[in-house]
Structure formats: structure tokens, C-alpha cells
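So the structure is just underneath, and the comments pick up after that.
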Amino acid sequence: MVAATRFSVLVLNAVRRIPPGRVATYGDVAAVAGRPRAWRAVGNIMRECQQADVPCHRVVASGGGLGGYGDNPALKRALLRAEGVIVVGRRIRQWSLVRWVPAPSGRVRRNRTVAPAVSQEERRRA
DNA sequence: GATGTGACTTAGA
DNA sequence: ATCTAAGCCACAT
């Protein structure tokens, strides 16, 4: 079946696992893909992804940075914002809350209804 | 198989 | 806060 190397499939699959309203860093995606130190390659794959099946806009940089999105970083921000993620400038608000955490460990199913609940928190700065 | 590249990350100045 | 340097991985040529 054509292109799509192994790692790229794993990465795309990992990105697809990101639930709406949440985001993951390149490092997290790489970890789920099986290469926790391949954030660089993840970025490269994302650049080629450009597929509607993959919410590449949910993949952001570390520390809450938006990362990149081809020539439309603003579009990425808009998509995230449309899902309930508060984004201000190039930074994500409540980063620790929207950051998706894959499989914590053994039991413990932390499923806490995301609940972004914007509220006036975003009025902080715009 | 080597080289260059990048939607990255961390640390130091 | 901004910039530089180095480290890291997979992919394209």
C-alpha cells in the first residue's frame, strides 16, 4: 500500500486518539507512537499529514506553544479555540488542563468530563 | 549509506 | 523576554 511509513502511521494513529477539546505535544504523540524522542520526526510527519482524518491541529508545542501549521498558524488557533481550548496569542491558557495525557498507568481511569467551561478566564488578555 | 532538513525540545547567555 | 547552540529522530534526496 503505498507510502505511509510505519512510524507515520503510528503517529497519525496517535493523533487520531486525541479527544476533542484536548491537545498533546509532539513529545506526547511521539511517545504514543512508540518513539518518545522522535518529536522532530513527528513534526515532519505532521507537515505532510494535512489530512482531514487527522486532527493535526491538536498537536502543539511544549509548554503550551501553538507550534506551527503550515502557513496558517492562525487557523490552528481558530480550530483549537472552536473546540473549547482557550488560546491567547501564541500561548494556550490552562495548558495543564487541556493537555491530553495518554494511559496514566495500570488502573486508575481518570475520565473527568473535560468541561472546558470557558468563563471570564479568557478575558484576561486578548 | 551519507547528507540535509524540519509544524521540536532543553538549556545557557 | 529574545537569541543561540546542541541534541534528537525519521524522512527525502
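In what follows, chains are A, B, ... by sequence order, proteins preceding strands, each numbered from 1. No experiment lies behind these values; they were computed from the predicted model shown.
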* Check the surroundings of atom CG in A:Asp71: do more than 12 heavy atoms from other residues, nucleotides or ligands lie under 6.0 Å from it? => no
Gap between atoms [atom1] and [atom2], on [X] and [N] respectively (whole Å):
X: A:Trp39; N: B:dT10; atom1: CH2; atom2: P; value: 8 Å
X: A:Arg6; N: C:dC9; atom1: CZ; atom2: P; value: 18 Å
X: A:Ile45; N: C:dC8; atom1: CD1; atom2: P; value: 19 Å
X: A:Arg37; N: C:dA6; atom1: CZ; atom2: P; value: 20 Å
X: A:Asn44; N: B:dT3; atom1: CG; atom2: P; value: 19 Å
X: A:Met46; N: C:dC9; atom1: CE; atom2: P; value: 19 Å
X: A:Arg91; N: C:dA1; atom1: CZ; atom2: C1'; value: 11 Å
X: A:Leu10; N: C:dC9; atom1: CG; atom2: P; value: 16 Å

Closer than 4.0 Å, any side-chain N/O of [X] to the OP1 or OP2 of [N]?
X: A:Thr5; N: C:dA10; result: no
X: A:Ser62; N: B:dT9; result: yes
X: A:Arg35; N: C:dA10; result: yes

Which part of the nucleic acid does [X] contact within heavy-atom distance under 4.0 Å: base, sugar-phosphate only, or nothing?
X: A:Arg47; answer: base
X: A:Phe7; answer: sugar-phosphate
X: A:Ala38; answer: sugar-phosphate

* **Backbone of A:Val59 reached by a side-chain donor or acceptor of A:Lys76 within 3.5 Å** =>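 The answer is yes, because a donor-acceptor pair under 3.5 Å joins these two groups.
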* Asked: When you measure from the side chain of A:Arg91 to the backbone N and O of A:Gly63, does any donor-acceptor pair fall under 3.5 Å?
  -> yes
* Any chance you could lay out the side chain to side chain contact (heavy atoms under 4.5 Å, CB included) test for A:Arg99 and A:Val60, step after step, and finish with the verdict? => CA-CA 9 Å; A:Arg99 186 181 186 188; A:Val60 298; over 6 Å; no
* Structure fact -> Comparing nearest nucleotides in DNA chain B, the 5'-proximal residue of the pair A:Val42, A:Gly63 is A:Val42
* Asked: Would you call A:Arg58 and A:Glu83 a salt bridge, using N to O less than 4.0 angstrom?
  ->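 Salt bridge flag = yes for A:Glu83 with A:Arg58.
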